[in-house]
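These values consider heavy atoms only, across backbone and side chains, with no hydrogens, waters or symmetry-generated copies.
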Amino acid sequence: CGYRARGMVYGNIRVYVDDQPAVGGISELDVYTTPEIYLVEWYPGAADTVRGPMLRVYTVWYVERLARRGGKLPRIVY
């Protein structure tokens, strides 16, 4: 199964919501409304490595909870 974005076709996108793997993949995002999403990060990966494309989504609720506890979004080295 592939996904098309800006003329590129991607397969096997790793999807994370609030730092947790999305078991349902990209279709898991269907349960969120636009106002519930705080940030979307897209890492296209490299064709010559095992790092495939990755989509990271953070909800407003999660980021607000992190902020109240003095936490920060994790730094992704990719």
Side-chain angles (χ1 to χ4, degrees):
C1 178
Y3 299 96
R4 182 177 291 278
R6 295 184 184 206
M8 300 291 293
V9 176
Y10 299 94
N12 299 326
I13 298 173
R14 292 179 294 150
V15 180
Y16 295 84
V17 176
D18 295 340
D19 290 327
Q20 299 298 314
V23 179
I26 204 163
S27 64
E28 191 168 313
L29 301 178
D30 290 342
V31 301
Y32 298 99
T33 63
T34 303
E36 292 177 296
I37 303 297
Y38 176 81
L39 177 68
V40 176
E41 297 178 318
W42 170 247
Y43 299 91
D48 61 341
T49 68
V50 293
R51 297 178 306 178
M54 177 171 54
L55 182 69
R56 299 185 74 84
V57 177
Y58 297 96
T59 62
V60 171
W61 174 84
Y62 181 75
V63 173
E64 286 176 347
R65 192 179 93 206
L66 274 178
R68 281 194 302 273
R69 295 179 178 180
K72 298 178 184 177
L73 291 175
R75 181 171 173 256
I76 305 299
V77 178
Y78 197 70

Steps toward side chain to side chain contact (heavy atoms under 4.5 Å, CB included) verdict (V57, Y32):
CA-CA 10 Å; V57 177; Y32 298 99; 5.8 Å; no
Using the side chain to side chain donor-acceptor pair (under 3.5 Å) criterion, which residues pair with E36? Sequence neighbours excluded.
T33
Please name the pair of heavy atoms, one in L55 and one in W42, separated by the smallest distance, quoted to 0.1 Å.
CD1-CE3, 3.9 Å
Cluster overlap W61 with L39, hydrophobic side-chain contacts below 4.5 Å
yes
Those residues at least two apart in sequence (or on a different chain) that pass side chain to side chain donor-acceptor pair (under 3.5 Å) with D19 are R56, Y58, Y62
Are V60 and L66 joined in one hydrophobic group, where the rule is that I, L, V, M, F, W and Y side chains link up if heavy atoms are under 4.5 Å apart?
yes
Sequence-distant partners of V23, side chain to side chain contact (heavy atoms under 4.5 Å, CB included), two or more places apart:
E28
With rounding to the nearest 0.5 Å, note down the distance linking OH in Y38 to CG in L73.
7.0 Å
With sequence neighbours left out, what residues match R68 under side chain to side chain contact (heavy atoms under 4.5 Å, CB included)?
E64, R65
Check V15 against I26 and note the closest heavy-atom contact, atom names and distance.
CG2-N, 3.7 Å
